[in-house]
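Here is the structure we will look at.
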Amino acid sequence: MKTVLVTGGAGFIGANFVPYWVNKYPDYRIVNVDKLTYAGNLDNLGECEKAPNYRFVEGDICDASLVDRLFREYDIRGVVHFAAESHVDNSISGPRAFIETNLVGTFTLLDAARNYWMEKPHQAKAGYEGCRFHHISTDEVYGALGETGFFSETTPYDPSSPYSASKAGSDMLVRAYHRTFGLNVTVSNCSNNYGPKQHPEKLIPKIVSNALSGKDIPIYGDGKNVRDWLYVLDHCKAIDLIFHHGKSGETYNVGGHNEKNNLEIVDALCSILDERRPRADGKSYKEQVVFVKDRPGHDRRYAINADKITSELGWKADENFAGGIAKTVDWYLEHLKK
């Protein structure tokens with residue numbers, strides 16, 4: 001049984017990815033290591049608890065002795081690396097944790113993989129030739145776009161926040177381990193994910209939660225910041241394809257082809273809530289929207305060109321925005337009651 005180490009599997013994307021892989025690949029053993037910070041929630045992995053091919057380990061990816069032990073104990077043959085500090089606002093108020101987790105943690109994992117899989121630079125140990133390290137990153141490393149254009153895999157990096165700078169640095173470390181040591185790596189840079197299990201600090205769950213609680217729905221600036229929205233299960237399928245069929249050393253951008261500004265997002269969510277869970281006074285949840293001071297360095301627009309992963313690996317997003325956002329709201333309506 002091939003064992004894959006998943007880092008940060010109790011976070012938003014990881015908690016969608018782990019059940020997807022555990023169910024799809026019964027011949028894989030998934031070892032999920034997560035520090036269980038405020039962003040990790042084991043309740044989101046309840047469907048995996050009794051799966052014979054799943055193990056959970058609470059731990060910090062910056063702990064080199066722990067990471068080395070996991071490689072030896074489970075004979076790790078692949079890594080899917082989600083673990084990261086990812087909330088931009090938190091990176092502005094407290095950047096140190098982002099440097100430690102996103103840079104030091106990624107280095108610790110890369111070095112453990114190199115030591116366990118490689119005989120010497122550019123020569124894998126016998127039987128470990130197919131081992132792969134896949135690193136999940138963000139489109140925020142590219143900075144901001146104007147009103148037109150798209151990020152491609154060759155777009156120069158221009159990060160705006162401590163978060164995106166730390167992710168840019170981790171991407172560079174991954175590429176360096178490929179070029180210097182010949183480590184079998186792939187990188188994916190994704191657009192904004194949405195869907196079930198997202199932490200309540202993020203835009204969509206925060207809008208839903210505040211709306212239902214009768215609180216103000218805060219929108220930064222003028223609300224016209226544009227993001228490309230990707231349904232989380234579509235992202236999981238893309239990672240699956242890249243891990244199994246992507247070319248070593250390559251980067252793949254993953255986007256949903258769903259550009260929406262924050263005003264459009266809040267409008268869509270409030271319209272669904274008006275239908276699914278009407279306010280007692282009959283008014284629209286849109287009346288709770290308030291505009292607040294924009295955050296420092298807030299990028300205006302992101303948009304992904306996903307032609308490479310589509311043409312080379314055959315990936316495409318299965319979920320359109322209307323369907324995905326409705327499923328997302330229904331999930332939160334079910335779980336916010338608990």
Intermediate values then yes/no, side chain to side chain donor-acceptor pair (under 3.5 Å), Asn32 and Tyr54: CA-CA 8 Å; Asn32 171 22; Tyr54 174 72; 3.1 Å; yes
Evaluation steps, salt bridge (charged side-chain N to carboxylate O under 4.0 Å, His left out), between Glu47 and Lys197: CA-CA 13 Å; Glu47 65 263 55; Lys197 304 181 181 181; 3.2 Å; yes
Side chain to side chain donor-acceptor pair (under 3.5 Å) evaluation trace for Ser284 with Asp274: CA-CA 6 Å; Ser284 173; Asp274 287 341; 2.7 Å; yes
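Using modelled atom types, one finds a donor on one side chain and an acceptor on the other under 3.5 Å when comparing Asp171 with Asn189. Counting only N and O atoms by type, the side chains of Tyr194 and Asn258 include no donor and acceptor under 3.5 Å apart. Judged by distance alone, the side chains of Ser248 and Asn184 do bring a donor and an acceptor atom under 3.5 Å apart. No side-chain donor-acceptor contact under 3.5 Å links Asp68 and Tyr116. Side-chain N/O atoms of Asn102 and Ser170 include no donor and acceptor closer than 3.5 Å. No hydrogens or angles considered: a donor-acceptor pair under 3.5 Å links the side chains of Tyr128 and Asp75.
For the atom pair CG (Asn16) and CG (Leu233), the distance works out to 7.0 Å, reported to the nearest 0.5 Å. Rounding to the nearest 0.5 Å places CG of Asp34 at 7.0 Å from CG of Leu42. The CD atom of Glu85 sits 5.0 Å away from the OH atom of Tyr38 when rounded to the nearest 0.5 Å. Atom-to-atom distance recorded for His178:NE2 and Phe133:CZ is 14.0 Å, nearest 0.5 angstrom.
Between Lys2 and Asp27, no side-chain nitrogen of the basic residue sits less than 4.0 Å from a carboxylate oxygen of the acidic one, so the salt-bridge criterion is not met. The pair Lys247-Glu312 does not meet the salt-bridge criterion, since no charged nitrogen lies less than 4.0 angstrom from a carboxylate oxygen. Using a cutoff of 4.0 Å between basic side-chain nitrogens and carboxylate oxygens, Lys327 and Asp330 are not scored as salt-bridged.
Side-chain atoms of His135 do not come within 3.5 Å of backbone N or O of Val187 as any donor-acceptor pair. Thr155 places a side-chain N or O within donor-acceptor distance of the main-chain N or O of Ser152, the cut-off being under 3.5 Å.
Cluster membership check: Val33 does not share its hydrophobic cluster with Val80, using side-chain heavy-atom separations under 4.5 Å among Ile, Leu, Val, Met, Phe, Trp and Tyr. Neither Val4 nor Val185 shares a network with the other; the hydrophobic side chains, linked directly or stepwise wherever heavy atoms of I, L, V, M, F, W or Y lie under 4.5 Å apart, form separate groups for each.
Checking Arg301, Arg227, Lys224 one by one against Glu259, the salt bridge (Lys or Arg N to Asp or Glu O under 4.0 Å) holds for a single residue, Arg301. Partner of Phe82 under the ring pair (Phe, Tyr, Trp, His ring centres under 6.0 Å) criterion, out of Trp21, Phe12, Phe17: Phe17 alone.
More than 12 heavy atoms of other residues, nucleotides or ligands lie within 6.0 Å of NZ in Lys125, so this atom counts as buried by the packing criterion. Around atom CZ of Arg179, no more than 12 heavy atoms belonging to other residues, nucleotides or ligands sit under 6.0 Å away. Around atom NZ of Lys286, more than 12 heavy atoms belonging to other residues, nucleotides or ligands sit under 6.0 Å away.
Shortest non-hydrogen contact noted between Pro162 and Pro95 is CB-CB, 3.8 Å.
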